[in-house]
Q: 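This is the structure I want to talk about, given as structure tokens.
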Amino acid sequence: MKVLITGGAGFIGSHLADALLARGDEVTILDVASDLKVRHQLGHPKFRYVRDSVLNREIVEGLVSWCDLVYHFAAVVGVEHYVGDPYQVLNVNVNGTQTVLNVAFKAGKKVVFSSSSEVYGRSLEVPFTEDGERVLGSTRIDRWCYSTSKAVGEHFCFAYHKMGLPVVVLRYFNVYGPRLDRMDVGRVISIFLGQLTRGAPLTVIGNGEQTRCFTYVEDTVRATLASGATDEAVGRIINVGSDREVSIRSLAEMMIRLSGSRSTITFVPQESIYGESYEDIPRRVPDLRLMKRVLRVTPQVSLEEGLKRTLDWFRGQSVEGSP
Ligand code: UDP
């Protein structure tokens with residue numbers, strides 16, 4: 001198969017590219033980001049890396065006409081971006097998605113769209129079922145621009161699906177693993193990893209009772225591959241997550257234990273990290289029935305095992321001095 005991954009130099013996209021190449025597919029990635037996460041594939045005869053933007057319609061047209069299947073993963077992600085650069089979040093996530101879907105529609109190519117558990121916002125209807133309510137705060141709170149941008153992307157998917165485009169919407173839940181973000185930035189696990197490495201206190205926001213279901217990237221990729229190959233997934237939203245709900249405080253304790261670091265925990269107000277434009281989500285738990293029934297994927301890597309692998313990988317990187 002010929003597969004296009006927009007955002008293929010990103011965290012999930014790069015792991016997906018590895019899996020597709022391993023099974024013998026031809027893979028082209030379109031990404032504005034550097035090749036840091038795909039450097040090991042450069043030179044692979046079935047791998048092509050096009051450094052450009054999904055906002056560049058001409059490039060997107062050429063690549064979509066080449067491929068059999070599109071994974072549309074290009075997006076601006078991460079809380080620091082939602083609150084730091086909401087314009088880029090909206091521009092890339094809304095306009096880029098519109099471009100990719102429009103081109104795929106004209107070419108008649110199936111699209112798998114990477115959406116997010118952020119779409120549910122701070123709904124209290126836990127676990128989150130795909131047809132459940134979305135609860136968001138004010139538009140004056142920049143945090144919600146990402147959730148909104150992904151929800152608009154989903155609406156575009158279903159609008160095109162109504163006109164005949166085969167689409168699958170995946171909502172990812174706190175995916176982690178090797179190549180996540182640079183240490184100290186991005187998502188909570190890479191922030192804690194940086195603090196552990198320096199022996200600095202882990203900054204748990206609020207009382208740390210907020211929960212997440214962290215999903216190891218390998219499980220995520222298995223679900224993502226299945227979504228591209230399963231006819232029953234077309235026209236659906238499917239949560240991709242794990243069933244292990246953990247509080248951020250327990251996560252911090254677990255990471256300290258697994259790493260053998262002497263770091264302690266410090267509880268900090270959310271404003272000290274993200275300013276006023278941030279609101280936390282108290283509980284985020286996926287309903288995984290569709291993932292199990294339609295995609296036939298059950299998460300297999302435990303949180304302890306996944307964190308160990310992630311810690312080992314990041315340690316290897318800091319020894320080599322990159323990234
Ligand atoms: N968090 C924390 N300390 C940090 C960064 C994040 O306690 O230094 C918390 C954050 O408030 C949230 C959780 O960790 O409750 C997950 O944050 P992340 O940004 O990774 O993803 P989110 O699930 O909020 O999109």
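Every value quoted in this text rests on a predicted model; they were computed, and no experiment measured them. Both ligands and their constituent atoms are indexed starting at 1 by order of listing.
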Q: Is any NZ, NE, NH1 or NH2 atom of the basic residue among Lys150 and Glu154 found under 4.0 Å from an Asp or Glu carboxylate oxygen of the other?
A: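 Salt bridge: no.
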Q: If hydrogens are left out, which of Asp184, Asp280, Ile189, Val268 has an atom nearest to atom 11 (O) of ligand 1, that is, the closest non-hydrogen atom?
A: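 Among Asp184, Asp280, Ile189, Val268, the closest heavy atom to atom 11 (O) of ligand 1 comes from Asp280.
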Q: When you measure from atom 10 (C) of ligand 1 to every protein heavy atom, which one gives the shortest distance, and what is it?
A: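 Going atom by atom, the protein heavy atom closest to atom 10 (C) of ligand 1 ends up being Tyr278 OH, 3.4 Å.
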Q: Considering only non-hydrogen protein atoms, determine which one is nearest to atom 18 (P) of ligand 1 and report residue, atom name and distance to 0.1 Å.
A: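 Nearest protein contact, heavy atoms only, for atom 18 (P) of ligand 1 is Val188 N, 3.9 Å.
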Q: Can you list the ligand 1 atoms lying under 4.0 Å from a non-hydrogen atom of Glu118?
A: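 The list of qualifying atoms is 25 (O).
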Q: Counting distance only, does the side-chain N/O of His15 pair as donor-acceptor with the main-chain N or O of Pro178 below 3.5 Å?
A: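 Pair found, side chain donor or acceptor close to backbone of Pro178.
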Q: Looking at Arg187 and Asp181, does any basic side-chain N land under 4.0 Å from a carboxylate oxygen?
A: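 Looking at Asp181 together with Arg187, the answer is yes, because their closest N to O distance falls below 4.0 Å.
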Q: So does Asp18 pair up with Lys37, basic N to acidic O under 4.0 Å?
A: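 Judged by the 4.0 Å cut-off on N to carboxylate O distance, Asp18 and Lys37 do not form a salt bridge.
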Q: Under a 3.5 Å threshold, yes or no: a donor from one side chain and an acceptor from the other, between Asn174 and Arg284?
A: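 The answer is yes; a qualifying pair exists.
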Q: Which residue and atom name correspond to the protein heavy atom nearest atom 19 (O) of ligand 1, and how close is it?
A: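 Result: Val79 CG2, 3.5 Å.
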Q: Show the numbers, then the answer: is there a side-chain contact (heavy atoms from CB on, under 4.5 Å) between Leu4 and Val64?
A: CA-CA 7 Å; Leu4 171 64; Val64 167; 3.9 Å; yes
Q: Measure from the side-chain N and O atoms of Ser149 to the backbone N and O of Val94, and report whether any donor-acceptor pair falls under 3.5 Å.
A: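 The answer is no, because no donor-acceptor pair under 3.5 Å joins these two groups.
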Q: Is Arg284 close to ligand 1, meaning an N/O of one under 3.5 Å from an N/O of the other?
A: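 Looking only at distances, the answer is yes, because the N/O contact criterion of under 3.5 Å is met.
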Q: Just to confirm my output: which protein heavy-atom neighbour is closest to atom 7 (O) of ligand 1, and how far is it?
A: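 Going by distance alone, atom 7 (O) of ligand 1 is nearest to Ile205 N, 2.8 Å.
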Q: Under a 4.0 Å N-O cut-off, is there an ion pair linking Asp243 with Lys292?
A: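 Yes, this pair counts.
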Q: Report, in ascending order of atom number, the atoms of ligand 1 lying under 4.0 Å from any heavy atom of Asn174.
A: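 So the atoms of ligand 1 that pass are 21 (O), 22 (P), 23 (O).
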Q: Using a 4.0 Å cut-off to any heavy atom of Val204, which atoms of ligand 1 qualify?
A: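 Under 4.0 Å from Val204, ligand 1 has these atoms: 7 (O).
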Q: Side chain, backbone, both or neither: which part of Arg143 comes within less than 4.0 Å of ligand 1 when only heavy atoms are counted?
A: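 Within the 4.0 Å criterion, Arg143 contacts ligand 1 through side-chain atoms alone.
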Q: Of the side chain and backbone of Ile248, name the one, both, or neither that has a heavy atom under 4.0 Å from an atom of ligand 1.
A: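 The answer is the side chain of Ile248.
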Q: Got the closest protein heavy atom to atom 3 (N) of ligand 1, with its distance?
A: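 Answer, as residue, atom name and distance: Thr203 O, 2.6 Å.
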Q: Considering both backbone and side-chain atoms of Arg187, is one of its nitrogen or oxygen atoms within less than 3.5 Å of a nitrogen or oxygen in ligand 1?
A: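 No, no N or O pair falls under 3.5 Å.
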Q: Looking at Ile191, which atoms of ligand 1 are within less than 4.0 Å of one of its heavy atoms?
A: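 Those atoms are 5 (C), 8 (O).
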Q: In plain terms, say whether Arg51 and Asp35 are close enough for a salt bridge, that is, a side-chain N and a carboxylate O under 4.0 Å apart.
A: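 No salt bridge links Arg51 with Asp35.
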Q: How close does the nearest protein non-hydrogen atom get to atom 23 (O) of ligand 1, and which residue and atom is it?
A: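 Of every protein heavy atom, Arg212 NE, 2.5 Å lies nearest to atom 23 (O) of ligand 1.
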